[in-house]
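Treat the numbers as computed from the prediction; the structure is a model and nothing was measured. A note on names: the letters A, B, ... follow the listed sequences, proteins ahead of strands, and every chain is numbered from 1.
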2 protein chains.
Amino acid sequence: MLNERSLAVHNDCEECPIRHRAVCARCETDELERLEEIKYYRKFEAGQTVIWSGDRMDFVGSVVSGIATLTQTMEDGRTQMVGLLLPSDFVGRPGRATAAYDVVATTDLVMCCFRRNPFEEMIAHTPHIAQRLLEMTLDELDAAREWMLVLGRKTAREKIASLLSIIARRDATLNMQGADGPRTFDLPLTREAMADYLGLTLETVSRQMSALKKDGVIHLEGKRHVTVPDMDRLMEEAGDDSDGGMLV
Amino acid sequence: MLNERSLAVHNDCEECPIRHRAVCARCETDELERLEEIKYYRKFEAGQTVIWSGDRMDFVGSVVSGIATLTQTMEDGRTQMVGLLLPSDFVGRPGRATAAYDVVATTDLVMCCFRRNPFEEMIAHTPHIAQRLLEMTLDELDAAREWMLVLGRKTAREKIASLLSIIARRDATLNMQGADGPRTFDLPLTREAMADYLGLTLETVSRQMSALKKDGVIHLEGKRHVTVPDMDRLMEEAGDDSDGGMLV
DNA sequence: CGCGTAATTGAGGGAATTCAAATAATGTGG
DNA sequence: CCACATTATTTGAATTCCCTCAATTACGCG
């Protein structure tokens with residue numbers, strides 16, 4: 001296993017792949033310089049736990065690359081994913097010393113972390129950071145509320161279609177695919193993680209994936225590689241407006 | 001029906017009942033004075049719609065008194081409540097001109113509204129407001145995530161118990177009842193609204209209310225007046241830790 | 001190639017829904 | 001103040017969708 005110090009793939013914020021989407025997006029050069037003083041990189045392997053709910057948390061940070069999940073667990077083991085953390089997403093809450101959720105790396109993960117106390121100092125004195133963090137938090141709140149509709153009111157088939165369409169759309173944004181035509185992507189989640197996201201069992205997820213495949217809504221190569229021949233069709237299956245029902 | 005102008009029950013922020021909990025909580029006197037220039041009160045009767053999803057929204061604001069709901073609706077009519085707005089809660093999103101959800105007054109409602117553009121100006125130049133709004137948004141995000149666990153993983157009985165315990169706890173905060181001993185409160189929601197909150201049908205809500213009553217977890221006088229003889233018992237029924245599992 | 005993990009598929013059961021009807025609460029006009 | 005209409009709630013019966021338990025198949029890796 002590699003030493004953590006050697007894992008800082010880049011140190012210069014200006015060249016950071018999430019420079020313009022993360023919490024630092026609005027920062028000027030001098031503000032970035034101050035951030036660089038309190039930042040450090042951490043790398044996790046797929047499956048590793050970043051932090052356990054209830055543990056002391058002395059940092060906040062951004063996902064630089066890879067995917068992590070935010071989950072809540074009941075005493076009897078029932079698990080609900082409450083967030084999917086993608087590159088540029090923010091982890092942790094200023095003003096809170098304890099993690100409220102389990103954070104687990106789903107793929108290999110690189111995080112840009114800031115020591116919590118100095119970061120809170122910076123928030124108080126750097127409006128650019130506070131404003132960006134507010135904007136990101138409002139976006140997350142919208143996403144959470146969108147997900148409440150999925151969890152509370154959609155059928156298993158619609159839930160799967162909803163998840164697939166979210167992943168497909170995000171992937172299109174990242175890889176700048178055209179708006180129409182078939183889309184192809186790799187599922188970053190196991191069937192079990194999908195189930196935890198959707199409030200289903202992994203068996204139901206598997207069955208509905210098979211059903212969507214049988215009905216030609218998706219094609220599967222292997223278990224994880226998905227092709228969506230017709231995004232509108234998938235959106236219909238998700239129970240969404242064909243116009244996307246986008247908030248922004 | 002009364003004229004809206006006559007409904008401003010109070011104009012002075014210093015005497016406002018939500019002065020220390022709303023978005024203006026951290027404001028100094030001079031900041032309040034500027035807020036007073038762009039604020040106006042609006043009153044709604046129980047059942048009235050404050051704004052429809054998709055409509056243009058030229059204001060943001062705080063609930064001063066009464067209760068409102070935030071709901072999302074699918075084309076076929078399935079409805080999911082995504083927020084319950086209590087006194088001091090914030091409505092609207094800075095930077096967004098269109099309402100993302102339906103907002104409906106559940107009881108008679110008084111709102112303190114700010115014209116959106118001047119308010120956005122103020123956010124940019126008044127850190128006290130931006131910081132408070134960030135804090136409130138983070139709290140709402142936590143509440144939404146807590147609710148995702150309820151929606152995704154809890155049984156109907158647990159869902160009802162969860163809702164009752166939330167309302168009971170909030171009521172205790174407002175009315176400063178002791179932490180232990182029986183608690184009494186009025187349900188501010190119809191069975192249908194409860195169902196929309198919990199992702200259930202109103203029949204299931206009714207059945208589970210009856211079951212909790214039969215089992216002595218709650219007592220009912222009329223349909224809306226609830227007594228909880230033992231809060232710990234209710235929390236157990238909700239599937240929560242008896243220590244409350246509180247985040248803050 | 002064999003082992004462990006991930007995923008699929010099947011059968012049966014159960015929790016919540018749907019459809020339907022009865023009852024209680026609330027409001028309205030005479 | 002009461003008969004009536006309307007809405008809210010409860011309760012029942014049948015159905016359905018998803019879960020649980022169980023067995024099998026595919027995949028990835030030493």
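- Rounded to a whole Å, the CG atom of B/L151 is 15 Å from the C1' atom of C/dA16.
- Taking 4.0 angstrom as the limit, B/R224 places none of its side-chain polar atoms (N or O) nearer than this to OP1 or OP2 of C/dA25.
- When the P atom of C/dA25 is taken as reference, atom CG of B/L202 falls 17 Å away, rounded to whole Å.
- Between A/Y40 and A/F59, the two ring planes are perpendicular [angle over 60°; tilted spans 30° to 60°].
- Residue order along DNA chain C, read from the 5' end via each residue's closest nucleotide, puts A/L220 first among B/G222 and A/L220.
- Residue A/R191 has a polar side-chain atom (N or O) positioned under 4.0 Å from OP1 or OP2 of C/dT8.
- Contact between the side-chain N/O atoms of A/S206 and the OP1/OP2 oxygens of C/dA7 is not found at any separation under 4.0 Å.
- Along DNA chain D, the stretch of nucleotides lying under 4.0 Å from any heavy atom of chain A spans, 5' to 3', D/dC18 to D/dC27.
- Nucleic acid contact class of B/T204 (heavy atoms, under 4.0 Å, all strands): base.
- Atom NZ of B/K223 is separated from atom P of C/dA25 by 5 Å (rounded to the nearest Å).
- Between B/T155 and C/dA15 there is no side-chain N or O to OP1 or OP2 distance below 4.0 Å.
- The side chain of B/R207 lies closest to C/dT17, out of C/dG10, C/dA16, C/dT17.
- The base of C/dT17 does not come close enough to the side chain of A/R153 for any donor and acceptor atom to sit less than 3.5 Å apart.
- A salt bridge between A/D215 and A/R157 is present, with a side-chain N of the basic residue lying under 4.0 Å from a carboxylate O of the acidic one.
- With rounding to whole Å, B/L198 atom CG is found 10 Å from C/dT17 atom P.
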